[in-house]
Every structure is written in structure tokens, then in C-alpha cells.
Amino acid sequence: QVQLVESGGGLVQAGGSLRLSCAASGRTFSSYAMGWFRQAPGKEREFVAAISWSGGNTYYADSVKGRFTCSRDNAKNTVYLQMNSLKPEDTAVYYCAAAHTLTIATMSILDEYDYWGQGTQVTVSS
């Protein structure tokens, strides 16, 4: 069992930066691959980034490549999403999620994730 709590959201200006954190409970945190998703009003929840259990492999949606960086600190049971060069289009509720098993083919599929956080709001003003 894993419980996830996101934090770090807020209001920033376009071009600014924000770092989201996802704190996880459970002693098996390091066994999970982690993903970040976001959902804007009236939009489908979309894949943002994912990171392997070791932190050695990261994957990003084309829309955030070069701007967002996903990392994890297993000792702190925390995964991060560093967001730079933010755009108004990045405005959404951001969710972290944990998956027992992910592959390149399945990492962007919502149903592949077993646990979800409550989300944190990110608003980017123009």
C-alpha cells in the first residue's frame, strides 16, 4: 500500500519555475516507478513524466521536454518534478502516481498506475 501527497503547487508567472514534490508512505516506495500527470479544466488527464524505480531512467511528454525534470530521492520517499520555463499552457492540477510495473509502451497509460495523489494546482499567468 502506498499513499501519495503532492505539494509545491501555486501561482507563478510565465517563464518562472516551480518544484513539485510527492511524498510517499510505505516501506516499498523504492520498488515503484513513479509518474506525473496533469489535468486542466475540461481536458483529459495527460501524461507528463515518469521515472524508473532506480531513478536512472526518465521519460517526458513532448510538450515538457527540455523544461521539466523528474527525479526521486528514495531515502526521503519523495519524487520531484522541477518545472522551468513555465507557460500558461502548463496550468493544470498535477498528480503523482505510483506503478508496480511500467514499460515504455505503458508509462503514459493512466490505468497502469496503482496509486494516485490528490493533486496540486499549478497556475501560470501570462
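Predicted, not measured: the structure shown is a model, and the values here were computed from it. The analysis underlying the following values was restricted to heavy atoms, covering all of them including side chains, and did not include hydrogens, waters or symmetry mates. One is the number of the first residue; the rest follow in order along the sequence.
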Margin query: Less than 3.5 Å apart, any donor N or O on the side chain of R19 or Y80 sitting next to an acceptor on the other?
Written below: no

Give, for atom [atom1] of [X] and atom [atom2] of [Y], the distance between the pair rounded to the nearest 0.5 Å.
X	Y	atom1	atom2	value
T91	Q121	OG1	CD	7.5 Å
R72	T58	CZ	OG1	12.0 Å
T101	D114	OG1	CG	8.0 Å
E46	S63	CD	OG	5.5 Å

Check whether [X] reaches the backbone of [Y] with its side chain - one donor and one acceptor, N or O, closer than 3.5 Å.
X	Y	answer
S52	N57	yes
S85	G15	no
T69	Q82	no
T78	K76	yes
T120	G9	yes

Would you say [Y] ends up clustered with [X] if hydrophobic residues are merged whenever their side chains have heavy atoms under 4.5 Å apart, either directly or through other cluster members?
X	Y	result
Y94	Y60	yes
I109	Y115	no
V93	W116	yes

Please give me the minimum heavy-atom distance between [X] and [Y], naming the atom from each residue.
X	Y	value
S17	N84	OG-OD1, 2.8 Å
M34	A98	SD-CB, 3.5 Å
M107	A50	CB-CB, 4.4 Å
V12	L86	CG2-CD1, 3.5 Å
A24	V2	CB-CG1, 4.2 Å
L81	A49	CD1-CB, 4.2 Å

Item checked: W36/F68 aromatic ring centres below 6.0 Å -> no

Next item on the list: Taking the six-membered ring for Trp and the full ring for Phe, Tyr or His, determine whether the centres of Y113 and F37 are under 6.0 Å apart.
Entry: yes

Check: Looking at Y95, does the NZ or CZ of R38 lie under 6.0 angstrom from its six-membered ring centre and within 45 degrees of the ring axis?
Finding: no

Next item on the list: Would you please name every residue forming a salt bridge (Lys or Arg N to Asp or Glu O under 4.0 Å) with R67, sequence neighbours left out?
Entry: D90

Notebook entry, point to check: Could you go step by step and tell me if Q118 and E6 meet the side chain to side chain contact (heavy atoms under 4.5 Å, CB included) rule?
Noted result: CA-CA 7 Å; Q118 84 288 351; E6 302 95 333; 2.8 Å; yes

Check: What orientation do H100 and Y32 show, parallel under 30°, tilted 30 to 60°, or perpendicular over 60°?
Finding: tilted

Next item on the list: Output every pair passing disulfide bond (SG atoms under 2.5 Å apart) with a member in residues 29-78, not counting sequence neighbours, ordered by first then second residue.
Entry: none

Next item on the list: Evaluate the side chain to side chain contact (heavy atoms under 4.5 Å, CB included) criterion for residues L18 and V122: first the C-alpha distance (whole Å), next the side-chain angles of each, then the deciding distance (0.1 Å), finally the verdict.
Entry: CA-CA 9 Å; L18 204 61; V122 172; 4.0 Å; yes

Checklist line | Test side-chain hydrogen bond (donor to acceptor under 3.5 Å, both in side chains) applied to T103 - qualifying residues, sequence neighbours left out | finding: T106

